[in-house]
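Atoms considered below: every heavy atom in the structure, side chains included; atoms not considered: hydrogens, waters and symmetry mates.
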Amino acid sequence: MAEHEVIHSGYTTASTALLFVDPYNDFLSEGGKIWPLVKAVAADNGLLDNLRAITTAVRANGIRVFIAPHRRWEPGDYADWAYPNPTQRAIMDRHSFARGEWGGEWHPDFAPQSGDIVAKEHWAQSGFANTDLDQQLRQHGITHVIIVGLLANTCIESTARYAMELGYHVTLVRDGTAAFTPELMHAAHELNGPTYAHAIRTTRQVLELLPG
């Protein structure tokens, strides 16, 4: 099979990464501060089982996992900023992903494992802005990123758009993310995603295209 056929029909072990955005308890665990807001959509698309399936499969295929974590909230964060955005204001009110608290710890099923790369924490919605994520990906020879995590219409979209701008091949996973409403999921994958993503697939479709 020619190299261009490999790139367009599947994912090569050496050049592909799973990029997992914000795998925190506050987002993904019962009792998390934000979980109640995404729970209905997450249950509808089988989010947790899909995330378990895709992380297990990519590791089994030798594909590296990169984690793009949000800034863990600390007292004073954003309070004296000139222009905190609406998400940052919500974090100030909720204390989402608080450092040193359970909500700011990794969901136990998605904690970093040996060989995973954890990028510097991002302050806003893009995992690339003001972090070392791009450098880490390039130093490991990554050209294709499969992006999962939360939220579909904020951190996932911002991270995926930035990845496209930097020249990466971007795959969105419809059922590997969630949002507060079905309408936001529709916007993320039917309206906005097709303007920048190279592929928008289900977990099953991604698994079928893995090297093994």
Side-chain angles (χ1 to χ4, degrees), residues 7-11 16-24 26-28 34-48 50-51 53-55 58 65-71 83-91 96-97 110 119 121-131 133-134 137 142-209:
I7 289 174
H8 286 89
S9 64
Y11 304 100
T16 303
L18 180 72
L19 183 51
F20 200 140
V21 180
D22 298 346
Y24 289 129
D26 268 345
F27 259 149
L28 293 168
I34 308 175
W35 175 248
L37 301 175
V38 301
K39 183 175 181 178
V41 171
D44 186 60
N45 69 9
L47 173 64
L48 294 177
N50 289 330
L51 291 175
I54 201 167
T55 52
V58 297
V65 176
F66 287 72
I67 295 175
H70 203 284
R71 163 77 177 182
Y83 308 110
N85 67 42
T87 298
Q88 290 162 340
R89 291 185 180 279
I91 290 173
S96 311
F97 328 124
F110 311 118
E121 296 175 0
H122 52 272
W123 284 83
Q125 295 179 352
S126 171
F128 287 96
N130 306 305
T131 77
L133 180 57
D134 180 48
L137 290 167
I142 302 303
T143 59
H144 287 48
V145 289
I146 303 167
I147 304 180
V148 299
L150 295 169
L151 292 165
N153 60 302
T154 56
C155 290
I156 296 298
E157 181 166 336
S158 293
T159 300
R161 281 186 181 274
Y162 208 130
M164 175 274 294
E165 297 283 0
L166 291 171
Y168 294 96
H169 181 285
V170 174
T171 297
L172 299 178
V173 185
R174 294 176 182 274
D175 52 5
T177 185
F180 292 168
T181 67
E183 291 78 12
L184 291 173
M185 290 287 280
H186 175 82
H189 299 122
E190 305 302 331
L191 303 180
N192 296 341
T195 69
Y196 65 87
H198 301 90
I200 303 175
R201 293 173 170 146
T202 65
T203 297
R204 178 184 293 274
Q205 289 169 335
V206 169
L207 297 184
E208 290 173 348
L209 292 172

Quick one: does Thr131's side chain have a donor or acceptor within less than 3.5 Å of a partner on Phe128's backbone? yes
Minimum heavy-atom distance between Ala160 and Val170, given as atom pair plus value: O-CG2, 3.7 Å
May I ask you to test the Phe110-Phe27 pair for a side-chain heavy-atom distance under 4.5 Å? no
Under the 3.5 angstrom rule, does the side chain of Glu208 hit a backbone N or O of Gln205 as a donor-acceptor pair? no
Do the side chains of Arg201 and Leu209 get nearer than 4.5 Å, heavy atoms only? yes
With distance as the sole test, does Thr177 use its side chain to make a donor-acceptor pair with the main-chain N or O of Val148 at under 3.5 Å? no
Atom pair OH/CD1 of Tyr168 and Ile147 - distance to nearest 0.5 Å: 10.5 Å
Going from CD1 on Ile34 to CG on Leu151, what distance comes out if it is rounded to the nearest 0.5 angstrom? 6.5 Å
What are the two closest non-hydrogen atoms of Thr87 and Gln125, and how far apart are they? OG1-NE2, 3.1 Å
Taking Asn45's backbone N and O only, do any of them form a donor-acceptor pair with Asn50's side chain (distance below 3.5 Å, no angle check)? yes
Does any part of the side chain of Thr181, heavy atoms only, come nearer than 4.5 Å to the side chain of Val41, both counted from C-beta? no
For residues Phe66 and Val145, determine if any side-chain heavy atom of one lies less than 4.5 Å from a side-chain heavy atom of the other. no
If you round to the nearest 0.5 Å, how far is CG of Leu184 from CD of Glu157? 10.0 Å
Fit a plane to each ring of Phe97 and His70, take the angle between them on a 0 to 90° scale, and name the class: parallel (under 30°), tilted (30 to 60°) or perpendicular (over 60°). tilted
Non-hydrogen side-chain atoms of Tyr24 and Leu150 separated by less than 4.5 Å: no
Side chains of Tyr11 and Leu18, heavy atoms from C-beta outward: is any pair under 4.5 Å? no
Measure across Val21 and His122 and return the closest heavy-atom pair with its distance rounded to 0.1 Å. CG1-CE1, 4.3 Å
Taking the basic N atoms (NZ, or NE/NH1/NH2) and the acidic carboxylate oxygens, is any pair closer than 4.0 Å for Arg161 and Glu165? no
Please tell me if the side chains of Val58 and Thr16 come closer than 4.5 Å, counting only heavy atoms from C-beta onward. no
When rounded to the nearest 0.5 angstrom, what is the spacing between CD in Glu121 and CG in Asp22? 9.5 Å
Correct closest heavy-atom pair for Leu19 and Ala68 would be CD1-CB, 4.0 Å
Residues Gln88 and Trp123: closest non-hydrogen pair is NE2-O, 3.0 Å
Shortest non-hydrogen contact from Gly193 to Leu172? CA-CD1, 3.9 Å
Find the distance between NE2 (His189) and OG1 (Thr202) and round it off to the nearest 0.5 Å. 11.0 Å
Just checking, any donor-acceptor pair under 3.5 angstrom between side chains of Asp175 and Thr203? yes
Could you tell me whether Asn130 atom CG has more than 12 heavy atoms of other residues or ligands within 6.0 Å of it? no
Evaluate the side-chain contact (heavy atoms from CB on, under 4.5 Å) criterion for residues Asp26 and Trp35: first the C-alpha distance (whole Å), next the side-chain angles of each, then the deciding distance (0.1 Å), finally the verdict. CA-CA 6 Å; Asp26 268 345; Trp35 175 248; over 6 Å; no
The reported gap from CG in Asn192 to NE2 in His186 (rounded to nearest 0.5 angstrom) is 9.5 Å
Quick one: does Leu28's side chain get under 4.5 Å of Leu51's, heavy atoms only? yes
In terms of the angle between their ring planes, are His198 and His169 parallel, tilted or perpendicular, with boundaries placed at 30° and 60°? parallel
